[in-house]
Amino acid sequence: MSSVKPRRHGRHGGLPVLLVGALTLALSLTGGPANAAQQATLHELAAAQGKYFGSATDNPELTDAAYADILGSEFGQITPGNSMKWDTTEPVQGQFNFAKGDVITGFAAQHDQTVRGHTLVWHSQLPSWVGALPSTQVEAAMTRHITEEATHYRGAVTAWDVVNEPFNEDGTYRTSPFYNAMGTDYIATALRAAHAADPDAKLYLNDYNIEGLGAKSDAMYALVSELLDEGVPLDGVGMQAHLAVQYGFPYQMQANMQRFADLGLDVAVTELDVRMQLPADAAKTATQSSYYQQVTEACLAVERCVGITVWDYTDKYSWVPSTFPGQGAANLYDENLSPKPAHSAVRTALGGQDGGGGEGGEPGALKAQYRNSDSSVGDNQIKPGLQLVNTGTTPVSLSDVTVRYWFTAGNGAATYNSWCDWSPIGCSTVTHRVVAADTPEAGADHYLEVGFTGGTLAPGATTGEIQLRLNKTDWSLFDESDDYSYGSGTSYADASRIAVYVGGEPVWGIEP
Ligand code: G2I
């Protein structure tokens, strides 16, 4: 971290506002409500795109009025985190108890939400009597359980996670009382029983670590292909999406979703959260935001992705800290129920304006967008394309604005030339120089500093692209591949590794 990093205040628990600013939105360009209180909810934004946006919940939390308020207003779908599981609904063989689940479906009915039933058949949270049954009795017990529960919730539950987590990480079948008694047939048997009990519910298989292409999602793909070939009632695949910033984003999530969709199945993101090693910092929080955003974008890009459910919306009620000690901060809202940058990121992806915190109302809310105009990472020039967007509600005087693009010098001359090749605002208003960083960081011992001689950027307006270029005076080569601000994208996209300052104060981006 640079020692000169300016400190910011701001409403997101000490996160630099430049990061928060990063997540205020592109959509200010299209106009719309500026007041947070009037903003469309996550679900409304999703619904405008033909999807739902939901959250898991649990009975004890519903007594928290502030929590329930947000749950009931921001989300259009809920999933009971525990109350429809076997240990709750049939703790003793033949004794069914749907009281807790009924509270959840009651809440949903009051708030005009749909309910995802979770879950009918799972190896976990399974009362011990099931595992103690002689294997010859397991199928009947399973069918009865499914029949009772799915019948009870007919009309109240629109989709069921009929079988949860059937696979091991390597794509082999997970053992369970059901698998042990029936082999892989238990899955088709469970789906048929659920369909018989509730022919209108959408029936899903649900698992984690099947979000990207890989052995486990291949196994799911093979299974559902076979089930469809056999005419087994199956409507969709649920991808839980319990992600972690330290493990990277699932490999080709959108393509993976699409291959299931191409089989004629729906896809749902059923349990999204993005945990991190605590304490949170700006970099982890930015990664988290980007993961939430990428999941949302993947779902939007796949027509048969029906919606996204977060595995509860607040850190206050997350399952993560108790399961992964030292990890947490996985959700869209913090423990005080304030929206985090990830919330804005999701809003951005959904086409919303002025993410949850309303930061867009602050003067000097700008964001940087970048594209790479240089096809070679190893030649003698660096060619960043840059544009600024005013995401706020007040005009920004460009003479107050500076922008930094960080890179590494490599060997050769320590003197530079920089150029503005073209911009619709006129290169004569654009200033540029190369500066050696006071505190060199990996990937960032120099930066290109861009400024403006004048001009005003109105709310929602953009500078349009500024085509920049720099070289060393001896024309020696660069290696851009490790440059902090370098990106390979060739069309303009929000760039969190380019920082923007107004009056010297950071308003966008993360410094190296
Ligand atoms: O583990 C995260 C999720 C992974 N996919 C399937 C989901 O069903 C699962 O949800 C979690 C719940 O969010 C937790 O709340 O499943 C956990 C159990 O596997 C739930 O935790 C349990 C605790 O382990 C119990 O000690 C506690 O009594 O929640 C119970 C009810 O609060």
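The structure presented is a predicted model; accordingly, all values stated were derived computationally and were not measured. Positions are given from 1 along the sequence. Each ligand, and each atom within it, is numbered from 1 in the order the structure gives.
Between the choices Asn206, Thr57, Asn82, the shortest heavy-atom distance to atom 32 (O) of ligand 1 belongs to Asn82. Closest heavy-atom approach to atom 11 (C) of ligand 1 within the set Met84, Lys85, Glu271: this belongs to Lys85. Scanning Tyr317, Trp311, Phe324 for the heavy atom closest to atom 13 (O) of ligand 1 points to Trp311. Of the candidates Gln125, Glu165, His118, the one placing a heavy atom closest to atom 17 (C) of ligand 1 is Gln125.
Inclusion of Asn164 in the set of residues having an N or O under 3.5 Å from an N or O of ligand 1 is not warranted.
For atom 8 (O) of ligand 1, the nearest protein heavy atom is under 4.0 Å away. Note that atom 2 (C) of ligand 1 has protein non-hydrogen atoms nearby, at separations under 4.0 angstrom. Less than 4.0 angstrom separates atom 29 (O) of ligand 1 from at least one non-hydrogen atom of the protein.
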Table please: side-chain donor-acceptor pairs of residues 90-100 below 3.5 Å, with sequence neighbours left out.
unit_1	atom_1	unit_2	atom_2	d
Glu90	OE1	Trp86	NE1	3.3
Glu90	OE1	His145	ND1	2.8
Glu90	OE2	Gly94	N	2.8
Asn97	OD1	Ala99	N	2.9

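The residue from Thr309, Thr114, Thr158 that alone fulfils the side-chain hydrogen bond (donor to acceptor under 3.5 Å, both in side chains) condition with Gln77 is Thr309. Of the candidates Tyr292, Trp319, Tyr291, Trp319 is the only one forming a side-chain hydrogen bond (donor to acceptor under 3.5 Å, both in side chains) with Asp273.
A side-chain donor from one of Ser217 and Arg259 sits under 3.5 Å from a side-chain acceptor of the other. In the model, Asp102 has a side-chain atom that pairs as donor or acceptor with a side-chain atom of His152 under 3.5 Å.
A donor-acceptor pair under 3.5 Å is absent between the side-chain atoms of Arg275 and the main chain of Phe324, judged by distance alone.
Contacts between Tyr208 and ligand 1, counted as non-hydrogen atom pairs separated by less than 4.0 Å, are absent for every part of the residue.
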Might you work through the ring-ring contact (aromatic ring centres under 6.0 Å, His included) test for His195 and Trp160, ending with a clear yes or no? CA-CA 10 Å; His195 184 67; Trp160 272 109; over 10 Å; no
